[in-house]
Amino acid sequence: MTSSSADTPDPVRARQSLTTRILLAAGLWLGLAMLAGGFMLSFAFRTAVERHFDSRLSMLLESLVGASNVGGEGIVSLYRSMMDPRFDRPYSGWYWQISAQSEQPFRSRSLWDEELPVDFGATYSGEHFYVAKGPEDQELRILARDILLPGANRTYKFLVAGDLVEVNEQVDSFNTTLIWWLTALGLILLATMAIQVRYGLRPLYKLSKGLAAIRSGEKQRIEGHVPREILPLVTELNALIDHNEAVVDRAQKNVGNLAHALKTPLTVMANEAATQSGPLADLVERQTIMMRRQVDHYLTRARAAARGGVLGARADVMPAVKDLVRVMERIYNTRGLHFFVDVTAPPEQLVF
C-alpha cells in the first residue's frame, strides 16, 4: 500500500516559496542599491582624484610662473629648477611650456622635441583646463594661463600638463576594490536577510507542524503561543476544525439514527417472511437479510468513526491488509494468482 498522489509535493507550488520570493525581491532591490551606490562612490572618488590632480597642476603652474623671468633680449628663462625630476625625463607624462606667438616655445626637457598644443586665439585670464593628446599619444590634462611677466612687452601662455593615466589607474584600482567589497557586503546582507526571513517565518513552520500533528491524530487543535499577525489564521483554523467535528458528529448521529430506524422494520419484514412459504417469501427474506447486513456494516463504521475522532484517526492497516489477502487467495486459489503486500509509506501518511 502506497500513499496517494495528493501527498506528493507539487513542484509548481514548491517553487512559490515565501522565503524565495522575499529573498529574490530583497536581492533585486539590494543589487540595484549596491549598483547605484557603487556608481556614486566611483564618481565621487574620480571627482576627488581629478580635483587633487588639478590642484597639483595649479601649484606647478604657480611655481613655473614664480621661477620665470625675462632677460634683456626679451628671452624667457627660469632662474631656478622646477624641483621635479619628471620634468627632466623625456616623455615622462609631466610637461611645462611657455609659449608666445611667432616664437619658439620654451619647454621642459621631458617634451624633448614635441610641443604642447596651444590656441593663441583664446585668452586665458584665469586658469583654463583642457584635455589633449601629448607625446606618444598620452592623454594629457593641461592647465593654461596668460601671464604678463615683468619687463615683457607681450603676454605669454604658461602651460603645465600631466598624464591622466595616473588618475585612471587610481580610479581603476579603487573600482576593483569597491566591486569586491560591495560584492562581499551584498552576500553578507543576503545571508543576514535569509536568516531574518527564516526566523520571521518560523511561526508558519510551527503552524505547518501543528496541522500535521492534527492530521496524524497526535493533537486535536492548534495550541501554543503565536505572533499577533497569524493569530487570526490560527483562530480561524481552530474554528474550522471545530465546525468540521460538529458537522461530522451530526452526520454520524444521523447515520446511526437511520440505521436504528431501519433495523426494526427490517426485523418485522424478516419475521413475517419466515412465517410464510413460497417464492415471494424467500425473496423477501433474502433481501431483508442482505439489507440488515448492510445496515449493521455501516452502523459499525459510524461507531468506529465516532470513537476514532474526526481528524487524524490512526489505524493499523497491516492486519486488515493481511485479512484481505487471505480472502483474495481463497477466492482466486484456482487461478494461480500471487499477492504481494508493500506497506512502505511513513506512518503519518497511513492515516484514515
Side-chain angles (χ1 to χ4, degrees), residues 3 5-57 93 129 131 139 141 162-216 218-219 221-241 346 348-349:
S3 59
S5 60
D7 293 329
T8 58
D10 188 345
V12 176
R13 288 198 298 268
R15 286 195 294 268
Q16 298 175 351
S17 168
L18 283 177
T19 302
T20 303
R21 294 176 64 181
I22 293 174
L23 289 179
L24 285 177
L28 176 62
W29 286 110
L30 178 63
L32 292 176
M34 288 288 184
L35 190 62
F39 276 115
M40 293 177 62
L41 287 174
S42 179
F43 177 77
F45 182 79
R46 172 175 281 277
T47 302
V49 172
E50 289 179 348
R51 286 179 180 175
H52 179 69
F53 192 82
D54 291 346
S55 178
R56 291 168 59 190
L57 291 178
F129 292 92
V131 178
E139 187 179 11
R141 185 164 177 83
D163 194 350
L164 284 176
V165 68
E166 295 186 12
V167 174
N168 295 331
E169 286 177 352
Q170 293 183 49
V171 173
D172 291 342
S173 177
F174 176 81
N175 288 340
T176 302
T177 304
L178 181 64
I179 290 173
W180 282 108
W181 278 105
L182 288 180
T183 302
L185 179 60
L187 293 177
I188 293 173
L189 291 177
L190 277 179
T192 303
M193 285 189 292
I195 295 173
Q196 291 177 344
V197 170
R198 295 286 296 182
Y199 178 77
L201 295 180
R202 183 178 296 178
L204 294 180
Y205 300 144
K206 291 183 178 179
L207 178 60
S208 176
K209 292 181 179 179
L211 291 174
I214 293 174
R215 181 174 176 270
S216 62
E218 297 177 4
K219 295 182 179 180
R221 294 171 60 84
I222 300 175
E223 301 173 350
H225 298 286
V226 295
R228 290 192 302 268
E229 289 78 7
I230 64 173
L231 181 59
L233 175 61
V234 174
T235 303
E236 291 297 326
L237 286 174
N238 284 331
L240 179 62
I241 293 172
E348 61 269 14
Q349 296 185 8

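By convention here, the first residue in the shown sequence is residue 1. Excluded from the calculations below are hydrogen atoms, water molecules and symmetry mates; all remaining heavy atoms, backbone and side chain alike, are included.
Rounded to the nearest 0.5 Å, atoms CD1 (Ile179) and CE (Met34) are 13.0 Å apart. Between the CD atom in Gln196 and the CG atom in Leu189 there is a gap of 9.5 Å [rounded to 0.5 Å]. Within the model, atoms CD of Glu50 and CZ of Phe45 stand 11.0 Å from one another, a figure rounded to the nearest 0.5 Å. The CG atom of Leu35 sits 11.0 Å away from atom CG of Leu30, with the distance rounded to the nearest 0.5 Å.
The environment of Phe129 atom CZ is dense: over 12 non-hydrogen atoms of other residues, nucleotides or ligands sit within 6.0 angstrom.
In this structure, Leu237 and Leu207 have side chains that are in contact, with non-hydrogen atoms separated by less than 4.5 Å. Using a 4.5 Å cut-off on side-chain heavy atoms (C-beta onward), Arg51 and Asp54 make no contact. Considering only heavy atoms from C-beta on, Arg198 comes within 4.5 Å of Tyr205 through its side chain.
Of the residues listed (Thr183, Thr177, Leu185, Leu178), the one engaging Trp181 in a side-chain contact (heavy atoms from CB on, under 4.5 Å) is Thr177, and it is the only one.
Considering every non-hydrogen atom in both Asn175 and Ser42, the closest pair reads OD1-OG, 2.7 Å. Nearest heavy-atom pair, Val197 versus Leu23, reported as atom, atom and distance to 0.1 Å: CG2-CD2, 4.3 Å.
Under the rule for a side chain to side chain contact (heavy atoms under 4.5 Å, CB included), the partners of Leu164 that lie at least two apart in sequence or sit in another chain are Phe53, Val131, Glu139, Arg141, Val167, Asn168.
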>> I'd like to know whether Arg56 forms a side-chain contact (heavy atoms from CB on, under 4.5 Å) with Glu166, so could you lay out the CA-CA distance, the side-chain angles of the two residues, the decisive distance to 0.1 Å, and finally the verdict.
In response: CA-CA 12 Å; Arg56 291 168 59 190; Glu166 295 186 12; 3.6 Å; yes
